[in-house]
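Please read these numbers as outputs of a predicted model, since none were measured by experiment.
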Amino acid sequence: MMKKSATLLILAIMGMTTASAQTLTPEILWKLGRVTAVGLSKDRKAVVYKVSTPSVEENKSETKYYTVPVTGGAATEIKDHASIVTDKNVSPDGKYIVYHESVKVEKILAKEIYPELKKADAQIYNGLDYRHWDTWNEGSYNHVFFRENRDKSKGTDIMKGEAFNSPQAPFGGDEDYIWSPDSKKILYVTKKKSGTEYAVSTNTDIYEYDIASGQTINRTAENPGYDTHPAFSPAGHLTWLQMKRDGYEADKNDIIVDMNGVKQNLTANWDGTVDSFEWSPDGKKVYFTAPIMGTKQLFEVNFPGKTKIAPVVRQLTEGMFDVNGIAGFAGNLAIIPRTDMNHST
């Protein structure tokens, strides 16, 4: 179902059909390419996506990049996708690049604490968070770094000495840190707790690091639950996803906009939870994906700003499929990755 307020172009980038019935085995499944939308080309005339094909023998995936016109058409393989799409990790002024690395912060292994016991294989902990699923905490943490864009030397660790993760473990990626529009600050998501307190809490916050002073402030200290997915509106308003309660990881996710200290919850009166969001290029609406009736669909909500107009959520797609994010906007077209039980992304 299409709403008159927006025209949607839904690209089924890759599909698979068989001429005859065939049993789907794990071996066949591993041969299928995994499609991921990267974004739009700089001129917004093409969609850039990647196809990762896993290899059981090599224990890794081969990735190829392609473009396809936003209006549909044949796909073209490309070698240098970074020159076609904007790299979100480069500061808006082009001077710096932000990235993350694993940094050894704590001594956990017995032979690190007792150097004379060179054959010791014990690990020493004082609280929970010693293991997450199949991964031991061995004292290394994801830290956010920045350096000059053309400088390949070691960058500046903006979390130096801190036993905290950004991106968040185990699923966080470079969506956990962004540049401010003026390129003077880096905002990143982390949970500054340790041990048992870390394990039972969901209180991540969005921190702001000032490059000139080296100082860090907490932009979401008042909220006790998750604060994630920071982004800036076209007008420069910090926006993020927020859950209200600490320790409840399945709480309702709302879209929060900070207008110079005045915070507005765009989805407070909507009975649903947000997965991901993108601002419209004109800054008048926020588009987002959310689960509903066993599927994941595309929605929009208007941005009233400081007026007395109420935010109103509208569902834009409906069907037996999932909308897995928003690749970008081209004119009045929203480019969205879509999948269902019979089609890949």
Side-chain angles (χ1 to χ4, degrees), residues 82 87-109 111-113 123-221 223 225-232 238 240-242 249:
D87 184 347
K88 67 175 288 291
N89 293 344
V90 177
S91 59
D93 63 6
K95 186 177 181 180
Y96 299 105
I97 188 169
V98 64
Y99 59 100
H100 67 272
E101 290 183 357
S102 179
V103 178
K104 182 72 172 179
V105 177
E106 296 178 316
K107 293 181 178 180
I108 298 294
L109 304 180
K111 59 186 177 182
E112 295 174 333
I113 301 173
Q123 297 172 202
I124 301 172
Y125 301 95
N126 296 309
L128 291 177
D129 188 38
Y130 51 84
R131 182 180 174 91
H132 194 116
W133 293 342
D134 63 346
T135 303
W136 290 100
N137 175 7
E138 296 184 342
S140 294
Y141 296 85
N142 294 329
H143 278 192
V144 179
F145 288 74
F146 78 95
R147 59 172 170 76
E148 290 190 11
N149 194 9
R150 302 185 184 279
D151 183 3
K152 301 299 182 181
S153 61
K154 187 73 172 180
T156 300
D157 183 353
I158 69 175
M159 303 170 65
K160 189 173 182 178
E162 296 185 359
F164 311 120
N165 279 303
S166 185
Q168 287 287 287
F171 297 127
D174 64 2
E175 72 278 359
D176 276 355
Y177 48 83
I178 60 170
W179 286 100
S180 62
D182 61 7
S183 304
K184 295 181 179 179
K185 299 178 177 69
I186 298 170
L187 292 92
Y188 64 95
V189 177
T190 191
K191 180 166 52 176
K192 295 198 174 184
K193 297 180 182 293
S194 302
T196 303
E197 186 182 17
Y198 175 93
V200 300
S201 174
T202 60
N203 188 17
T204 60
D205 283 304
I206 297 173
Y207 290 84
E208 181 181 276
Y209 172 86
D210 184 272
I211 290 179
S213 68
Q215 299 299 307
T216 300
I217 62 172
N218 188 344
R219 292 288 301 265
T220 59
N223 183 54
Y226 276 128
D227 295 295
T228 61
H229 295 79
F232 281 95
L238 178 61
W240 66 94
L241 294 183
Q242 179 186 93
E249 62 182 11

Min side-chain heavy-atom separation Leu187-Tyr177 under 4.5 Å: no
Distance-minimising heavy-atom pair for Glu175 and Pro230: O-CD, 3.9 Å
Min side-chain heavy-atom separation Arg147-Ile97 under 4.5 Å: yes
Indicate every side-chain donor-acceptor pair of residues 211-221 with a distance under 3.5 Å to a residue at least two apart or in another chain.
from	atom 1	to	atom 2	distance (Å)
Ser213	OG	Asp210	OD1	3.1
Ser213	OG	Gln215	N	3.2
Asn218	OD1	Thr220	N	2.9
Asn218	OD1	Ala221	N	3.3
Asn218	ND2	Asp205	OD2	3.3
Arg219	NH1	Glu208	OE1	2.5
Arg219	NH2	Asp258	OD2	3.4
Thr220	OG1	Asp205	OD1	2.8
Thr220	OG1	Ile206	N	3.0
Thr220	OG1	Asp227	OD2	3.2

Note, Ile108 side chain near Tyr125 side chain (heavy atom, < 4.5 Å): yes
Minimal non-hydrogen separation, Ser194 against Ala163, with atom names: OG-O, 4.4 Å
Test ring-ring contact (aromatic ring centres under 6.0 Å, His included) applied to His229 - qualifying residues, sequence neighbours left out: none
Side chain proximity check, Tyr188 to Met159, heavy atoms < 4.5 angstrom: yes
Parallel, tilted or perpendicular, as decided by the 30° and 60° cut-offs, for the rings of Tyr209 and Phe146: tilted
Sub-4.5 Å side-chain heavy-atom contact between Gln123 and Trp136: yes
Set of ring-ring contact (aromatic ring centres under 6.0 Å, His included) partners for Tyr226, sequence neighbours left out: none
Between CG on residue Leu238 and CD1 on residue Ile178, distance to nearest 0.5 Å: 6.0 Å
Distance-minimising heavy-atom pair for Asn203 and Lys191: O-CG, 3.6 Å
Sidechain-backbone polar pair: Lys193 side chain, Ser201 backbone, donor-acceptor under 3.5 Å: no
Heavy-atom closest contact (Pro92 atom, Trp179 atom, distance): CD-CB, 3.7 Å
Min side-chain heavy-atom separation Val98-Ser91 under 4.5 Å: no
Selection residues 154-164 - residue pairs positive for salt bridge (charged side-chain N to carboxylate O under 4.0 Å, His left out), sequence neighbours left out: Glu101-Lys154, Glu162-Lys192
ring-ring contact (aromatic ring centres under 6.0 Å, His included) partners of Phe232, counting only residues at least two apart: none
Donor-acceptor pair, side chain of Ser183 and main chain of Asp93, under 3.5 angstrom: yes
Which residues share a salt bridge (charged side-chain N to carboxylate O under 4.0 Å, His left out) with Lys95, sequence neighbours left out: none
Contacts of type salt bridge (charged side-chain N to carboxylate O under 4.0 Å, His left out), residue Lys152, not counting sequence neighbours: none
Qualifying salt bridge (charged side-chain N to carboxylate O under 4.0 Å, His left out) pairs, either residue in residues 125-145, two or more places apart: none
Main-chain N/O of Asn142 paired to Asn165 side chain as donor or acceptor, under 3.5 Å: yes
Residues in salt bridge (charged side-chain N to carboxylate O under 4.0 Å, His left out) contact with Glu106, at least two apart in sequence or another chain: none
Short side-chain to backbone donor-acceptor contact, Lys88 and Asp174, under 3.5 Å: yes
Under 3.5 Å donor-acceptor, Asp176 side chain and Gln168 backbone: yes
Residues forming a side chain to side chain contact (heavy atoms under 4.5 Å, CB included) with Lys184, sequence neighbours excluded: Asp182
Val105 side chain reached by Phe164 side chain, heavy atoms, under 4.5 Å: no
Residue list, ring-ring contact (aromatic ring centres under 6.0 Å, His included) with Phe145, at least two apart or on another chain: Tyr99
Partner set under salt bridge (charged side-chain N to carboxylate O under 4.0 Å, His left out) for Lys107, not counting sequence neighbours: none
Side-chain donor or acceptor of Glu197 paired with backbone N/O of Gly195 under 3.5 Å: no
